[in-house]
Novice: 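Sharing a structure below in C-alpha cells format, with a few things to ask.
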Amino acid sequence: MSDFHAAFGVAPEVTAHAPGRVNLLGEHTDYNDGFVLPTAIPQRTTVAARRNGGAEFVLHAATLDREARFTLDSQPEEQFARYVYGCLRCLADEGTEVPGMDLHVESDVPMGVGLSSSAALEVAVLRAVRELLGLSLDDVRIAQLAQRAEIEHAGVNCGIMDQMASSLAGTDSMLFLDTRSLARRLVPMPSGTELLVVDSGLSRSLAGSAYNERRAQCEAAASALGVASLRDVDDVKAVESLPEPLRRRARHVVTENARVLRAVEGVDAETFGVLMNASHASLRDDYEVSVPPLDALVALLHAHPSVHGARLTGAGFGGACVALCREGEAERAGRDAVERYGAQGQSGRVLVPRSETA
C-alpha cells in the first residue's frame, strides 16, 4: 500500500476493509431491542497496519490529513483517534497483548450523513488487528467489540446495528437482524430494484442530542408499559394510554418493527416502497427526527416515476435519505431529484450508485 509507505517509510503487514451501511427499514429500533434491515454500501474504509516494535500507536488518517500518537495507558485527545484507541483498548481489556502499531486509515465512506463511517472504521481496525495478531474473533464478536469501543471510548451510546451491518452485510442483499438475540439472515432485495442514496447536504447538528433524548423517552415508555423494552410491545393499541410525547415515540418503534417483519416476508418492490414511505412519515410525525428540507427531498423522490419508496436514513435532522428504485434507473432518479432540490435552494448529491468518476 503506497500511502502507508509514504507515511511510515515501510510496507504494512496487513490491510483490511469494512463498508459503510445504509438502513432500509428499522430506524431507531436497534436500541429498543428491535428489528433492522440494513445493507452495505460500496464505499469502504481501509486500514493498513504493522507492528512498530514499541508501545506507541501512530495513527495516520489520510482522509482527514491528520496524525495522532497515543499509548493504551491514556485516551488520545483527538476525537477521530478515540474510535481506534477504543478498539485496541477493548481488545487489551479482554486479555489480548496488543503491541504498538503504525496504522494508516483511508476512507471514502461519507462522514456525518448517517452511513456509519465510524462503524466502518472500527470494524476495519479490528479486522486488521485480527489478521495481524492471528486472533480468533468471528464477525459477530468484531461487531460487539466495535460497539463497545464506540460507547465506552468515543462517547456515543449507539445500538449494535451499524457495527453488525459493517461486519456482516454485503451490497447485494439486506441483513435482517434481531438486535436482541443477534439472530440474523441475509434477505434478497426485491426483484428488479436497486438502491439510491442521496445526501441532503444538511448537517446533522441536532442528531446527537435528539438521539439521547429519544432513547430516554423510549426507555420511559417501556417502563410505563411494564416491559423490558419496546420490542416487547406487539400491539400498537397498547401505547395509546401513554402521555405525549411517549405515545408517539413508542408508536413509531412498534410500527417500525412491524414494517421490518412485513418486508422480510418477501414482498414485491411496490409493497416494500409503501413500507419505506410509511417509515418516513412515522419518523417525521411520531419520532420527530426529520426537518423540512429533508422532507422536501424525500417528497421529490416519492414523486419520481422510477422510485418505489424513499425515507430518511440514520439518526435524522439531516444527513442522507435512501430510495428503492427500478433497476437501472436509480442514478437518473437521483440526478433528477437533486436538480429539483437545488431549485429549492438546497444542495444535495447522489452517493449511491457511485458515478463512473466518483
Side-chain angles (χ1 to χ4, degrees), residues 19-27 36-44 108-117 120 165 169-175 187-202 204 259-260 263 267-281 283-284 290-291 293-316 318-344 346-358:
R21 69 98 187 97
V22 65
N23 192 27
L24 282 78
L25 285 168
E27 213 66 75
V36 294
L37 196 59
T39 188
I41 60 174
Q43 291 89 339
R44 62 183 184 174
D108 61 355
V109 181
M111 292 184 285
V113 298
L115 299 179
S116 299
S117 59
T171 57
D172 56 353
S173 60
M174 302 176 289
L175 177 69
V187 179
M189 298 286 295
S191 179
T193 65
E194 66 175 327
L195 284 186
L196 167 66
V197 181
V198 181
D199 177 10
S200 70
L202 300 171
R204 299 184 305 152
R259 282 185 282 271
V260 174
V267 300
D268 60 20
E270 184 177 351
T271 302
F272 198 104
V274 169
L275 293 169
M276 292 178 75
N277 294 345
S279 175
H280 183 79
L283 288 161
R284 179 193 65 211
S290 193
V291 288
L294 188 55
D295 292 335
L297 178 57
V298 170
L300 289 169
L301 290 166
H302 286 169
H304 198 282
S306 298
V307 174
H308 296 291
R311 58 184 287 277
L312 70 83
T313 187
C321 61
V322 59
L324 187 72
C325 303
R326 292 197 187 99
E327 192 171 11
E329 299 181 21
E331 187 173 1
R332 179 173 63 84
R335 245 187 352 254
D336 291 348
V338 166
E339 183 178 343
R340 290 174 171 80
Y341 187 59
Q344 298 178 7
Q346 303 296 334
S347 179
R349 59 181 174 138
V350 175
L351 300 175
V352 179
R354 302 179 70 171
S355 69
E356 295 297 324
T357 58

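All heavy atoms count here, side chains included; hydrogens, waters and symmetry mates do not.
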Novice: Could you check whether atom CZ of R44 has more than 12 heavy atoms from other residues, nucleotides or ligands sitting under 6.0 Å from it?
Specialist: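 Check fails, neighbour count at 12 or below.
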Novice: Could you tell me whether the side chain of H302 and the main chain of A310 form a donor-acceptor pair under 3.5 Å?
Specialist: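 At least one qualifying donor-acceptor pair exists.
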Novice: According to salt bridge (Lys or Arg N to Asp or Glu O under 4.0 Å), does anything in residues 300-311 pair up with another residue at least two apart or in another chain? List the pairs.
Specialist: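 Residue pairs with at least one partner in residues 300-311: E27-R311, E256-R311.
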Novice: Does a side-chain heavy-atom distance below 4.5 Å link S306 with E331?
Specialist: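 Answer no - side chains too far apart.
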Novice: Run the side-chain contact (heavy atoms from CB on, under 4.5 Å) check on M189 and L24 step by step: do they pass?
Specialist: CA-CA 10 Å; M189 298 286 295; L24 282 78; 4.0 Å; yes
Novice: Quick check for you: to the nearest 0.5 Å, what is the distance between D295 atom CG and S290 atom OG?
Specialist: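 Separation between the atoms: 3.5 Å.
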Novice: Should L351 and V113 be marked as a side-chain contact (heavy atoms from CB on, under 4.5 Å) after you check the CA-CA gap, both sets of side-chain angles, and the distance that decides it?
Specialist: CA-CA 10 Å; L351 300 175; V113 298; 4.2 Å; yes
Novice: Considering all heavy atoms of both residues, which atom of A333 and which atom of V307 are nearest to each other, and what is their separation?
Specialist: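 Taking A333 first and V307 second, the nearest heavy atoms are CB-CG2, 4.0 Å.
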Novice: Does A40 have any side-chain contact (heavy atoms from CB on, under 4.5 Å) partners at least two apart in sequence or in another chain, and if so, which?
Specialist: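 side-chain contact (heavy atoms from CB on, under 4.5 Å) list for A40, sorted by chain: P19, A169, T171.
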Novice: Which heavy atom of R349 sits nearest a heavy atom of P110, and at what distance?
Specialist: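 Result for this residue pair: NH2-CB, 4.0 Å.
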Novice: Are more than 12 heavy atoms from other residues, nucleotides or ligands located less than 6.0 Å from atom CD of Q344?
Specialist: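 More than 12 heavy atoms, drawn from other residues, nucleotides or ligands, come within 6.0 Å of this atom.
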Novice: At what distance, to the nearest 0.5 angstrom, does OG1 of T193 lie from CG of L324?
Specialist: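 These two atoms lie 4.5 Å from each other.
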Novice: Give me the atom names and distance for the closest heavy-atom approach of A263 to L37.
Specialist: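 That closest heavy-atom pairing would be CB-CD2, 4.1 Å.
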Novice: Run Q346 and L202 through side-chain contact (heavy atoms from CB on, under 4.5 Å) and show every step you take.
Specialist: CA-CA 9 Å; Q346 303 296 334; L202 300 171; 3.8 Å; yes
Novice: Taking only residues at least two apart or on different chains, which pairs with a member in residues 334-343 satisfy side chain to side chain donor-acceptor pair (under 3.5 Å)?
Specialist: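 Residue pairs passing side chain to side chain donor-acceptor pair (under 3.5 Å), neighbours aside: H304-D336.
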Novice: What are the two closest non-hydrogen atoms of L297 and S200, and how far apart are they?
Specialist: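 That closest heavy-atom pairing would be CD2-CA, 3.9 Å.
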Novice: Carefully, step by step, assess V109 and R21 under the rule side-chain contact (heavy atoms from CB on, under 4.5 Å).
Specialist: CA-CA 9 Å; V109 181; R21 69 98 187 97; over 6 Å; no
Novice: With the side chain counted from C-beta on, respond yes when Q43 and R354 share a heavy-atom pair under 4.5 Å apart, and no when they do not.
Specialist: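 Q43 reaches R354 side chain to side chain.
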Novice: Looking at CE of M111 and OG of S117, how far apart are the two atoms once the value is rounded to the nearest 0.5 Å?
Specialist: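 Taking CE in M111 and OG in S117, the distance rounds to 6.5 Å.
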Novice: State, to 0.1 Å, how close V267 and P190 come at their nearest heavy-atom pair, and which atoms those are.
Specialist: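 In terms of heavy atoms, the two residues are closest at O-CB, 4.2 Å.
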Novice: Say whether, by atom type as modelled, one donor and one acceptor occur between the side chain of E194 and the main chain of A330 under 3.5 angstrom.
Specialist: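 A pair under 3.5 Å: yes.
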Novice: Would you mind telling me which of V352, V322, V22 makes a side chain to side chain contact (heavy atoms under 4.5 Å, CB included) with T39?
Specialist: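 Output: one option passes, namely V22.
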Novice: I need the R326 CZ to L196 CG distance, nearest 0.5 Å.
Specialist: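 Spacing of CZ (R326) from CG (L196) equals 13.5 Å.
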Novice: For the CG atom of L195 and the CG atom of D172, what is their distance to the nearest 0.5 Å?
Specialist: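 Interatomic distance, L195 CG to D172 CG, rounded to 0.5 Å: 11.0 Å.
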Novice: Tell me whether S116 contacts the main-chain N or O of G20 through its side chain, where contact means a donor paired with an acceptor under 3.5 Å.
Specialist: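 Judged by distance alone, no pair lies under 3.5 Å.
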Novice: Enter the distance from I41:CD1 to L115:CG here, rounded to the nearest 0.5 Å.
Specialist: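 If we round to the nearest 0.5 Å, I41:CD1 and L115:CG are 4.5 Å apart.
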Novice: Taking all non-hydrogen atoms of both residues into account, name the closest pair between P38 and N23 and its distance.
Specialist: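 Shortest heavy-atom contact: N-OD1, 3.3 Å.
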